[in-house]
Amino acid sequence: MSVLPPSLPPRGLSREQAAEYIGIGTTLFDRMVEDGRMPRPRRLDGRTAWDVRDLDRAFEALPYDSGKAADNPWDKICGLAR
């Protein structure tokens, strides 16, 4: 039973929760952590936990199906678009 309200999910996730959060199985998640596409866990004494914010950044860095990252509208505004 969680003491957190439903509107406040935990920030630290177990391996299984982190994989599910990303939408993949634990085997693929482990491979992605090993090759650097997903972050390593943080150490909480004897426990490890994945930070939801780290997972979000790693997920956002993954390429789209086209193999390219998403266009950032600010790149055009700042003159950084190629």
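Computation of the quantities below employed the complete heavy-atom set of this structure, encompassing side-chain atoms and omitting hydrogens, waters and symmetry-equivalent molecules.
- Listed here is the closest heavy atom pair of Trp50 and Pro39: NE1-O, 2.9 Å.
- Sorted by first then second residue, the side-chain hydrogen bond (donor to acceptor under 3.5 Å, both in side chains) pairs that include residues 39-48, not counting sequence neighbours, are Arg42-Asp54.
- Electrostatic pairing of Arg53 and Asp51 does not count as a salt bridge here, judged by no charged N lying under 4.0 Å from a carboxylate O.
- Glu34 places no side-chain N or O within 3.5 Å of a backbone atom of Arg31 that could act as its donor or acceptor partner.
- Using a 4.5 Å heavy-atom cutoff, the side chains of Leu13 and Glu20 are not in contact.
- Looking at residues two or more places apart in sequence or on another chain, you find a side-chain contact (heavy atoms from CB on, under 4.5 Å) between Phe59 and Ile22, Leu62.
- How far CZ of Phe29 is from CG of Leu55: 5.5 Å, rounded to the nearest 0.5 Å.
- Across all non-hydrogen atoms, the minimal contact from Ala58 to Arg37 is CB-O, 3.4 Å.
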